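Below: one structure, written as structure tokens.
What you see is a predicted model, and the numbers here were worked out from it, not measured in a lab. In this chain, numbering begins with 1 at the start of the sequence shown.
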Amino acid sequence: YFKSKSVIACRRALFDDREAVTYLNMSPQQGVDFEVHVEMNTLVGRDSHQMSASDLEACRKECRRRGDGAFVVSRSMAFFKSQSMLECREGLHDDREACTFLNVAPKVRTFGLHSLGLGGGKELRKEDFARMCNDLMESRGVRCSPKERMELYEIFDSMDFDTNGTLSVGEWAGGLSVFLQGDLNSSVRAVFNALDTDSDRKLSKAELVEYLTPFVKAMSPPRAAVLRPVLLKKVTDDLYKEIDLDDANDISSEELLAWMKKGNNIVIRMAQII
């Protein structure tokens, strides 16, 4: 007996029956960008955008363009969710008048701390990092050995510049540029989107400070801790002036990419300034 409902809906509906065996299809469909959950809603009232649902393909394109974790179609309207796909999936609940589309396609923005609900000054702990990575791999049908799962802790440690057991937004952004595959363009956009915690498509000085802070700590010995605020302000002011090509008092991803394509490197430039 085949069930057209999503694997999550089927799993939640499981009950004891000694004469039955249920097989859940855990393998994602190849080439499919969205998980469709019929008669299910998620994160009601927490919408980042809405539009008419008369053209579903247009809704899918808008969700991909925005980097949202999901959109929900209900009563001829599409309601977009800026939260991560995993958070949207966890929030699924029954709703006969709704259909939820989870954006499972790899997307740079979904790897930002703010997308994981860990922005706004909060930090990511090692156990949470490992759990989220494992959840993400499971959602994509990626099989890992116990040894490979343990290597997640080593990856975390390599990004934890100040060895305090948590990842700041800056440390997370620095790790993205190292561990994610792709060319310079995708690497820059990954870092940019992780730092852009208010999603205004521009970097403020405060957001740049988040990125530079762990590098300043790594480049100065503990006995120079009293000088770190001065060093941080100096490198932030200098780099901001260099990268902000149009003097608009903000940095766009295009400006950051153009600056790096000239052969510049933030870490090397910081070291020179310090």
Can you sort out the partners of K205 under salt bridge (Lys or Arg N to Asp or Glu O under 4.0 Å), two or more places apart, ordered by chain and number? D237
Whether E151 and K147 form a salt bridge (side-chain N of Lys/Arg under 4.0 Å from carboxylate O of Asp/Glu) is what I want to check. yes
Any non-hydrogen side-chain atom of E210 less than 4.5 Å from a side-chain atom of E171? no
Let me see the working for R64 and E57 under salt bridge (Lys or Arg N to Asp or Glu O under 4.0 Å), right down to the final yes or no. CA-CA 11 Å; R64 287 192 291 263; E57 183 55 34; 3.3 Å; yes
ring-ring contact (aromatic ring centres under 6.0 Å, His included) against H93, all qualifying residues, sequence neighbours excluded: none
Could you tell me if the side chain of D128 sits less than 4.5 Å from the side chain of R131, heavy atoms only? yes
N134 and R149: CA distance, side-chain angles, deciding distance, side-chain contact (heavy atoms from CB on, under 4.5 Å) verdict: CA-CA 8 Å; N134 282 318; R149 292 186 185 278; 2.4 Å; yes
K261: partners by salt bridge (Lys or Arg N to Asp or Glu O under 4.0 Å), with sequence neighbours left out: none
If hydrophobic residues (ILVMFWY) are linked whenever their side-chain heavy atoms come closer than 4.5 Å, directly or via other members, who joins V230 in its cluster? none
Under the side chain to side chain donor-acceptor pair (under 3.5 Å) test, residues paired with R228 that sit two or more places apart: S220
Between L212 and I266, is the side-chain contact (heavy atoms from CB on, under 4.5 Å) condition met? List the steps. CA-CA 9 Å; L212 302 181; I266 287 182; 3.8 Å; yes
Members sharing Y153's hydrophobic cluster, built from side-chain contacts under 4.5 Å between Ile, Leu, Val, Met, Phe, Trp and Tyr, are M150
Qualifying salt bridge (Lys or Arg N to Asp or Glu O under 4.0 Å) pairs with a residue from residues 214-225, counting only residues at least two apart or across chains: D162-K217
Checking side-chain contact (heavy atoms from CB on, under 4.5 Å) for the pair K202/I251: CA distance, chi angles, key distance, verdict? CA-CA 5 Å; K202 299 174 183 177; I251 296 175; over 6 Å; no
Does D157 come within less than 4.0 Å of K126, counting only side-chain N to carboxylate O? yes
Stepwise side chain to side chain donor-acceptor pair (under 3.5 Å) check, S48 with R66: CA-CA 10 Å; S48 60; R66 294 172 54 83; 3.0 Å; yes
F129 vs M159 side-chain heavy atoms within contact, under 4.5 Å: yes
Does a side-chain heavy-atom distance below 4.5 Å link V72 with L43? no
Quick one: CG on D238 to CE on M270, what's the gap to the nearest 0.5 Å? 11.0 Å
Sequence neighbours left out, what passes salt bridge (Lys or Arg N to Asp or Glu O under 4.0 Å) with R75? Give chain and number order. E97
With F101, which residues qualify under ring-ring contact (aromatic ring centres under 6.0 Å, His included), at least two apart? F71
So, the side chain of E255 versus the backbone of L245: is there a donor-acceptor pair under 3.5 Å, distance only? yes
Of all the heavy-atom pairs spanning L232 and T236, show the shortest one and how long it is. O-OG1, 2.7 Å
Please report the closest heavy-atom contact between L208 and Y240, naming both atoms and the distance. CD2-CD1, 3.6 Å
Any heavy-atom pair between the side chains of V267 and M219 that's under 4.5 Å? yes
Heavy atoms of A53 and V73 approach each other most closely as CB-CG1, 3.8 Å
Out of curiosity, R96 CZ to S74 OG, how far, rounded to the nearest 0.5 Å? 14.0 Å
So, applying side chain to side chain donor-acceptor pair (under 3.5 Å) with K81, which one of D47, N103, D68, T100 is it? D47
Quick check: closest heavy atoms across V216 and L231, and the distance to 0.1 Å? CG1-CB, 4.2 Å
Test item: I273 and L239 side chains (from C-beta on) under 4.5 Å apart, heavy atoms: yes
Minimal non-hydrogen separation, A130 against L152, with atom names: O-CD1, 3.9 Å
Tell me, which pairs form a salt bridge (Lys or Arg N to Asp or Glu O under 4.0 Å) where one or both residues lie in residues 264-274, sequence neighbours left out? E242-R269
Please examine the side chains of L24 and T22, heavy atoms only from C-beta on, and report whether any two atoms are closer than 4.5 Å. yes
Checking D95 now: which residues fulfil salt bridge (Lys or Arg N to Asp or Glu O under 4.0 Å) with it, not counting sequence neighbours? none
Could you walk me through whether S145 and E148 pass the side-chain contact (heavy atoms from CB on, under 4.5 Å) check? CA-CA 5 Å; S145 67; E148 289 171 328; 3.3 Å; yes
Any idea which heavy atoms bring D246 and D250 closest together, and the distance? OD1-O, 4.5 Å
Connected-component partners of F79 among ILVMFWY, side-chain separation under 4.5 Å: M77
At what distance, to the nearest 0.5 angstrom, does NE2 of H37 lie from SG of C88? 10.0 Å
Are any non-hydrogen side-chain atoms of F34 and C63 less than 4.5 angstrom apart? yes
